[in-house]
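One structure is given below, encoded as structure tokens.
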Amino acid sequence: MTVISTTSVTNATATSSASSTSSSSSSTQTLGYDQFLTLLVTEMKYQDPTKPMDPTETVSQLASFSSVEQAVKTNTTLTSILNSNLLTQASSFIGKTVSSSDGSTSGVVASVSTSSSGVIATLTNGATISLGSGVTVSE
């Protein structure tokens with residue numbers, strides 16, 4: 001999750017959806033991407049028309065939002081590239097014999113898959129092994 005830090009939040013009316021994300025201009029608050037967008041929209045929605053927000057501050061906040069949005073997109077792309085690379089490397093195990101780190105499970109790899117916990121090899125005998133530290137691979 002990408003977070004940003006803002007040191008100045010003014011003209012915001014606390015509503016039920018933004019009450020946990022508003023702060024005074026003298027404090028520092030760390031906000032998530034969605035919280036920042038909610039706060040910015042709420043701030044613009046409830047600003048006093050007779051005392052509009054400083055245009056420089058508005059541009060600064062929009063630039064911050066744009067930076068956060070680009071960082072989120074970059075992280076998504078990098079995650080996709082890493083997963084693709086991991087699966088390509090894992091496919092090289094197919095047809096090879098693997099043994100678990102404790103030696104209790106071994107067999108020929110029939111297929112591989114990736115998950116949040118890493119690469120999982122499914123053996124021809126139906127067993128699965130997490131391809132992590134300590135796993136032995138042989139021809």
Side-chain angles (χ1 to χ4, degrees):
M1 179 176 136
T2 304
V3 294
I4 61 166
S5 178
T6 181
T7 57
S8 176
V9 178
T10 58
N11 297 328
T13 301
T15 63
S16 61
S17 64
S19 62
S20 64
T21 59
S22 64
S23 69
S24 70
S25 61
S26 63
S27 67
T28 300
Q29 182 85 25
T30 302
L31 303 173
Y33 175 76
D34 292 333
Q35 294 166 328
F36 179 80
L37 179 60
T38 301
L39 182 60
L40 182 62
V41 168
T42 302
E43 183 176 3
M44 295 176 113
K45 182 177 177 182
Y46 290 104
Q47 71 175 322
D48 184 356
T50 62
K51 296 182 217 167
M53 186 176 12
D54 178 27
T56 305
E57 185 178 333
T58 302
V59 170
S60 174
Q61 288 182 353
L62 290 174
S64 295
F65 175 73
S66 178
S67 295
V68 169
E69 183 177 32
Q70 288 302 316
V72 168
K73 287 180 181 180
T74 300
N75 285 346
T76 301
T77 302
L78 288 174
T79 300
S80 175
I81 290 169
L82 284 171
N83 286 339
S84 176
N85 188 30
L86 183 62
L87 193 56
T88 300
Q89 288 177 347
S91 68
S92 68
F93 287 103
I94 295 175
K96 296 191 177 173
T97 303
V98 295
S99 298
S100 62
S101 57
D102 63 0
S104 64
T105 308
S106 65
V108 176
V109 177
S111 65
V112 291
S113 61
T114 58
S115 68
S116 60
S117 61
V119 178
I120 306 295
T122 303
L123 307 180
T124 54
N125 62 10
T128 59
I129 295 178
S130 177
L131 298 176
S133 180
V135 171
T136 304
V137 181
S138 59
E139 289 291 326

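Separation of atoms CG (Asn85) and CD1 (Ile81) is listed at 9.5 Å; rounding is to 0.5 Å.
Remark: side-chain polar atoms of Ser60 are not paired, donor with acceptor, to backbone N or O of Thr56 under 3.5 angstrom. Side chain of Ser67 to backbone of Ala63: a donor-acceptor contact under 3.5 angstrom is found. Formation of a donor-acceptor pair under 3.5 Å by the Ser80 side chain with backbone atoms of Thr76 is not found in this model.
Pairs of residues two or more places apart, or lying in two chains, never qualify as salt bridge (Lys or Arg N to Asp or Glu O under 4.0 Å) while including a residue from residues 69-92. Applying the salt bridge (Lys or Arg N to Asp or Glu O under 4.0 Å) test to every pair with at least one member in residues 77-87, sequence neighbours left out, gives no pairs at all. The side-chain hydrogen bond (donor to acceptor under 3.5 Å, both in side chains) contacts involving residues 102-112 comprise Ser100-Asp102, Asp102-Ser104, where partners must be two or more places apart or lie in separate chains. Pairs of residues two or more places apart, or lying in two chains, never qualify as salt bridge (Lys or Arg N to Asp or Glu O under 4.0 Å) while including a residue from residues 113-127. For residues 112-123, there are no salt bridge (Lys or Arg N to Asp or Glu O under 4.0 Å) pairs, not counting sequence neighbours.
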Which pairs of donor and acceptor atoms, one on a side chain in residues 91-98, lie under 3.5 Å apart (sequence neighbours left out)?
unit_1 : atom_1 : unit_2 : atom_2 : d
Ser91  : OG     : Thr88  : O      : 2.7
Ser92  : OG     : Gln89  : O      : 2.6

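Listed by chain and residue number, Ile120, Thr122 satisfy the side chain to side chain contact (heavy atoms under 4.5 Å, CB included) test with Thr128 (two or more places apart in sequence, or in another chain). Under the side chain to side chain contact (heavy atoms under 4.5 Å, CB included) criterion, Thr74 pairs with Leu78, sequence neighbours left out.
Minimum heavy-atom separation, Ser99 to Ile129: C-CD1, 4.3 Å. Contact between Thr38 and Thr42 at its shortest, heavy atoms only, is O-OG1, 2.8 Å.
In terms of hydrophobic clustering, with Ile, Leu, Val, Met, Phe, Trp and Tyr side chains grouped at heavy-atom distances under 4.5 Å, Leu123 and Val137 are assigned to a common cluster. Leu82 and Val112 fall into different hydrophobic clusters, where Ile, Leu, Val, Met, Phe, Trp and Tyr side chains are chained together by heavy-atom contacts under 4.5 Å.
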